[in-house]
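Report on the structure given below.
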Amino acid sequence: MEILKIEFLKLRKKTRIWLGPILVFWLIMIAYPLTVELLQDRLQIGFFSVLWIAILISMMLATEDIFTEDYNDGSLEQTIIQESSFQVGIGLKVFVYWFLIGIPVSLLSFIFSFGTTQNFELSLPIFPLSLISSYIFLNIFVLGNSLSLNKGSVLGALVTMPIALPVLIVLGKGMTALQFDINFESFILLLLGSLSIIIVLIPIVVSYIIKAHLE
Amino acid sequence: MEILKIEFLKLRKKTRIWLGPILVFWLIMIAYPLTVELLQDRLQIGFFSVLWIAILISMMLATEDIFTEDYNDGSLEQTIIQESSFQVGIGLKVFVYWFLIGIPVSLLSFIFSFGTTQNFELSLPIFPLSLISSYIFLNIFVLGNSLSLNKGSVLGALVTMPIALPVLIVLGKGMTALQFDINFESFILLLLGSLSIIIVLIPIVVSYIIKAHLE
Amino acid sequence: MIKKFIHQFASPKTFLLQVERSYSFIFFTSLCIYVFSIVWGLLFTPEDFVQGNSYRIMYLHVPASFLSQSLYIAMAVSSVTYLIWRVKLAAYLVIAIAPIGAMTTFIALISGSIWGIPTWGTWWQWDARITSTLILFIMYLGLISLHNSFSNYEKADKLLSWLVIVGAVNIPIIKKSVDWWSTLHQSASITLTEKPSIDPVMLYPLIGAIIGFFGLIVCLILMSSKNQIFIREKNKSWVKDYV
Amino acid sequence: MTDNSLIIANNISYKINENKLFHNLSFDIKGGRALHIKGKNGSGKSTLLRIILGITDPTKGSINSAASLQICYLGHKNALKNYLTMRDNIHLLQLNNHIKLNKYLDLIGLKKHLDVTVSSLSFGQQKKLALLRVFLNSSNLLILDEPFVGLDDDTHEQLTQFLSNELIEGKGLIFTSHIPCQIKSDLLELNN
Amino acid sequence: MTDNSLIIANNISYKINENKLFHNLSFDIKGGRALHIKGKNGSGKSTLLRIILGITDPTKGSINSAASLQICYLGHKNALKNYLTMRDNIHLLQLNNHIKLNKYLDLIGLKKHLDVTVSSLSFGQQKKLALLRVFLNSSNLLILDEPFVGLDDDTHEQLTQFLSNELIEGKGLIFTSHIPCQIKSDLLELNN
Ligand code: HEM
Ligand SMILES: Nc1ncnc2c1ncn2[C@@H]1O[C@H](COP(=O)(O)OP(=O)(O)OP(=O)(O)O)[C@@H](O)[C@H]1O
Ligand SMILES: Nc1ncnc2c1ncn2[C@@H]1O[C@H](COP(=O)(O)OP(=O)(O)OP(=O)(O)O)[C@@H](O)[C@H]1O
Ligand SMILES: [Mg+2]
Ligand SMILES: [Mg+2]
């Protein structure tokens with residue numbers, strides 16, 4: 001619990017880290033209709049693609065410095081020395097990020113979907129879908145950033161994109177399923193299943209990776 | 001000229017800084033079709049929005065660390081002491097970024113457009129459009145980043161958004177004009193006009209902001 | 001006990017001597033098999049009545065596609081070996097295979113694209129399997145650049161191994177993509193469990209081509225791991241003696 | 001493990017990319033004793049400390065530590081958040097409720113700067129703030145990597161005083177320093 | 001401006017948030033002379049150097065500098081790129097073709113580390129690399145903020161030697177240091 005409190009404090013003080021990605025998400029979603037001619041049905045077609053990409057990008061931005069700063073200023077060493085369960089610490093950290101960034105973004109996703117499609121049935125499932133997918137993306141990018149720690153986020157993106165793209169494929173398929181009302185739950189279940197594995201495995205892997213970095 | 005050479009050298013050595021945004025651009029463009037059902041005509045509809053957003057985002061990423069790193073490690077002080085014309089230095093720096101990131105991204109834009117629309121007439125103008133808009137975006141984001149230099153604030157993002165959105169609108173309108181073959185040149189001229197003002201003013205403003213930061 | 005055995009068996013020195021002894025044998029047999037199969041496939045099999053002659057690019061495409069995944073699996077196995085038993089040789093193998101894997105994936109992409117023009121009428125399609133092969137290619141590039149970005153080899157080895165293992169989730173996705181989503185791309189026609197759905201006249205040269213190509217790639221890997229060993233253990237006395 | 005040894009190092013060696021940094025070092029640290037590690041730049045002092053901390057694995061040999069061991073470490077890096085104020089940093093270090101906080105804030109003279117962001121503080125003031133972690137430690141082994149760097153003479157003196165006191169109270173101390181200091185300690189020289 | 005004065009400070013004062021750091025300081029630096037600025041942590045030494053450099057404006061007073069003035073500055077921060085190798089850093093500093101590069105690389109003993117990334121170097125080695133900028137300078141005024149920090153005794157000695165030589169060659173030197181050193185210099189104490 002102590003870890004949770006500190007992580008929250010840190011993020012609260014550094015507004016940019018959590019507000020930034022949310023703003024970028026918002027920017028993309030606003031930018032989208034601006035760049036298309038404003039016919040309702042045309043708007044809808046590309047809409048969900050843009051939505052998933054926006055979530056992907058904002059989560060990428062959110063995690064960009066998740067460890068770099070602590071690594072550079074030496075805090076990470078201190079954490080490793082003191083904390084008995086480093087993995088749990090990482091898991092909680094990702095959770096805090098998700099709480100402060102993933103949840104607002106998911107809410108915004110729902111709002112934008114409703115605003116665009118004017119279809120409540122279709123928009124409501126967007127909320128759980130983006131909750132889950134944002135958490136998955138966060139975890140994946142955290143992995144990438146731990147790998148590329150002081151090497152810059154690009155390497156991280158390069159390295160994790162291949163892992164993130166399949167999720168996008170599933171999301172795309174899921175939206176089609178939703179629109180044609182076939183078998184939508186199985187996609188949610190598939191994502192939830194992946195998430196439950198990822199949520200446990202990634203913090204463990206990341207803790208090993210970070211320890212290797214610090215050596 | 002000396003400054004230009006050093007900037008090029010610096011960027012050449014820091015591959016991630018220029019290659020990264022290009023890769024992210026590429027990845028977004030790849031991610032897009034993954035999230036849509038794979039029918040050629042549906043792909044085309046959202047395509048240009050995604051394209052402009054991808055350019056926006058990759059330019060944002062490109063400039064993200066344009067000063068922070070130099071500020072934190074003390075290089076910026078050294079530059080100010082040595083360089084007689086700091087503004088020109090900044091202008092050149094932005095130019096180098098554009099040369100190494102904006103131009104390849106514009107080329108990729110053209111290629112992706114052609115690949116998706118299979119329409120050469122429509123895709124060719126994408127090249128100058130993205131050349132100009134990427135330069136504008138770069139300048140805008142450079143301004144934002146100079147504002148939020150060492151602070152954990154979102155000041156930069158907040159300031160730059162209102163400036164970036166109009167450009168997106170113009171781009172969107174420009175695309176419509178292009179598709180219906182009306183008055184396309186005037187959009188290019190409008191963008192070129194804005195660029196020519198921005199290109200002079202922003203480096204000057206930024207140089208003052210940075211000096212204020214260092215005091 | 002097991003650990004000791006592995007370490008003894010997998011000492012770079014033993015490995016190198018072993019390579020030295022068997023290299024030329026593997027090389028020449030696989031070369032013969034590959035050339036023979038290709039000649040057979042290209043000259044002595046009938047034209048396909050749907051695809052005409054264009055299907056013959058299969059003798060390059062199928063082995064390359066097959067190997068692009070197999071090599072990744074080989075890397076993943078080596079990575080696990082390295083992380084659990086700390087076998088240095090395994091780490092050398094991982095980084096030795098990566099560029100070759102990237103190369104074969106690239107061949108698969110290119111040959112597939114070329115094949116696509118006559119058969120599908122397009123050289124590219126955002127189809128699940130093709131896309132995931134592209135992703136695999138990016139993955140290889142990512143692995144290589146990750147390893148290159150460290151000056152401390154031990155660190156680079158560990159990080160690379162972790163990434164390889166995590167990235168292995170892509171392999172089943174590529175394998176299954178054709179079954180999950182109806183796509184343009186052909187589904188597997190050679191499996192271990194079922195009777196092949198391909199005409200035996202084309203099948204036998206194809207199997208030969210796969211085996212031959214496989215052998216040639218193995219030779220490449222052996223060369224590149226030899227190279228790795230020299231780079232990494234250049235300070236060891238036995239390497240100095242050897243050179 | 002003898003009665004009050006905090007850490008025992010057995011024949012540890014360390015190689016990096018096949019270059020030896022040190023070879024077959026053995027030593028132990030008891031409560032109440034200090035160990036001063038000396039050596040040229042790049043001789044491996046910091047690396048040795050990190051091995052003792054368990055961050056880095058030695059290539060050969062092993063480190064045994066007492067079950068009661070609690071380490072307070074300060075490295076070359078301050079582990080502070082530059083963009084936060086002193087007050088927030090103290091909060092992050094969870095020292096804000098420490099009973100001796102005020103005493104030591106007075107001692108290092110930083111009380112009036114509590115609301116200044118760390119990046120605006122002078123180099124030495126930042127180091128002092130980092131040292132607060134040491135002054136308020138509740139550990140039994142202090143591991144300090146060049147703690148005297150950047151400190152003015154008064155603070156240097158205060159730190160020496162403090163560390164000597166901790167030794168008297170039975171804590172262990174391992175430190176490196178290129179700057180001569182008055183702490184009674186055993187010496188370990190690293191030469192490559 | 002007298003004949004060989006490089007910099008003249010007239011009654012400069014500096015306040016930060018209405019706190020005086022120093023008040024009415026006047027001094028001048030001539031070629032061949034060194035000025036050692038002393039003072040407690042946070043007394044404003046680095047700030048004074050930044051005022052001399054023209055980065056910060058003094059609250060009152062002015063700095064006049066000779067037309068020929070060419071400054072080489074090394075602050076608390078090394079101005080190195082941590083993620084690049086030594087070789088690349090030297091390249092960025094445009095010192096890669098300097099005729100004396102090899103001599104000084106040998107002197108500080110970093111030649112064999114040319115392809116190691118700076119972040120892997122030891123603290124002292126990083127400082128030495130930063131000092132390369134000073135060793136290979138082509139300026140007539142050196143401004144060094146605690147250049148001896150983190151250096152081992154040999155390197156400390158070499159730097160002292162080098163700086164003394166530069167003074168003999170007629171260059172000016174302003175530096176701060178908490179560590180005592182053997183450079184013949186005038187003293188400027190800051191007290192608040
Ligand atoms: C860029 C385009 C293409 C890519 C990336 C690609 C990729 C692949 C991959 C990954 C495999 C899997 C091998 C395995 O499962 O072991 C494969 C096999 C195969 N591909 Fe392609 N392919 C492409 C185009 C084509 C085209 C145009 C054709 C012919 C119409 C084709 C025909 C085949 C066949 C017959 C197999 C063997 C399937 C089997 O027997 O298991 N591919 N390809
Ligand atoms: N990747 C690497 N390749 C080669 N050498 C390396 C690498 N990483 C670290 N080193 C070397 O390991 C040594 C680490 O030394 P360490 O930081 O322990 O020195 P130190 O004794 O603390 O020195 P200082 O007094 O300067 O703090 C350095 O000589 C450094 O050059
Ligand atoms: N925003 C601010 N608010 C209050 N005080 C500030 C602010 N910014 C800087 N200061 C004070 O100005 C002084 C700057 O001192 P400076 O860095 O010049 O010290 P110094 O003499 O170089 O010390 P050191 O020996 O530690 O390097 C410090 O006392 C610092 O607390
Ligand atoms: Mg050290
Ligand atoms: Mg100072």
Side-chain angles (χ1 to χ4, degrees), chain A residues 49 67 71 87 90 136 139-174 176-177 182-183 186-187 190 193-195 197-198 200-215, chain C residues 68 72 79-80 82-84 86 91 98 101-102 105 126-178 180-183:
Chain A
S49 311
F67 299 121
Y71 177 79
Q87 294 98 309
I90 292 172
I136 295 183
N139 272 290
I140 293 177
F141 287 122
V142 162
L143 175 75
N145 282 300
S146 71
L147 278 168
S148 62
L149 214 52
N150 58 338
K151 307 286 170 189
S153 51
V154 163
L155 183 60
L158 177 64
V159 150
T160 39
M161 270 292 173
I163 309 176
L165 288 182
V167 180
L168 271 185
I169 299 182
V170 174
L171 285 172
K173 295 286 165 195
T176 321
I182 34 166
N183 212 12
S186 71
F187 282 98
L190 177 61
S194 326
L195 178 61
I197 299 174
I198 282 179
V200 177
L201 277 188
I202 292 217
I204 297 179
V205 173
V206 167
S207 77
Y208 282 112
I209 290 174
I210 289 184
K211 279 180 186 157
H213 262 293
L214 284 173
E215 257 193 21
Chain C
S68 64
Y72 196 97
S79 300
V80 172
Y82 175 62
L83 287 179
I84 297 180
R86 290 292 138 95
T105 316
W126 291 107
D127 141 298
R129 172 171 275 187
I130 298 175
T131 311
S132 46
T133 307
L134 179 64
I135 291 174
L136 185 66
F137 182 60
I138 302 174
M139 191 86 207
Y140 275 119
L141 294 187
L143 292 171
I144 296 168
S145 48
L146 180 76
H147 199 273
N148 284 344
S149 66
F150 290 91
S151 63
N152 182 342
Y153 292 133
E154 285 92 7
K155 207 188 246 186
D157 288 341
K158 272 188 205 165
L159 298 175
L160 184 68
S161 305
W162 279 111
L163 180 58
V164 169
I165 291 170
V166 174
V169 295
N170 261 333
I171 297 301
I173 294 180
I174 299 177
K175 261 272 170 275
K176 283 285 160 218
S177 56
V178 189
W180 287 345
W181 292 296
S182 56
T183 57

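Chain naming here is simple, since letters A, B, ... match the order of the sequence lines and numbering starts at 1 in each.
Among residues two or more places apart in sequence or in another chain, the ring pair (Phe, Tyr, Trp, His ring centres under 6.0 Å) test is passed with C:Tyr72 by C:Tyr140.
Note: A:Leu165 CG to C:Thr131 OG1 = 9.0 Å, rounded to the nearest 0.5 Å. The NE2 atom of A:His213 lies 11.0 Å from the CG atom of C:Asn152; values are rounded to the nearest 0.5 Å.
With a threshold of 4.5 angstrom between heavy atoms, A:Leu143 approaches chain C through side-chain atoms but not through N, CA, C or O.
Taking each heavy atom of A:Pro162 and C:Met139 in turn, the nearest pair found is CB-SD, 3.5 Å. Contact detail for A:Pro166 and C:Ile135: the closest heavy-atom pair is CD-CD1, 4.4 Å.
Of all residues in residues 156-166 of chain C, those placing a non-hydrogen atom less than 4.5 angstrom from a non-hydrogen atom of chain A are C:Lys158, C:Leu159, C:Trp162, C:Leu163, C:Val166.
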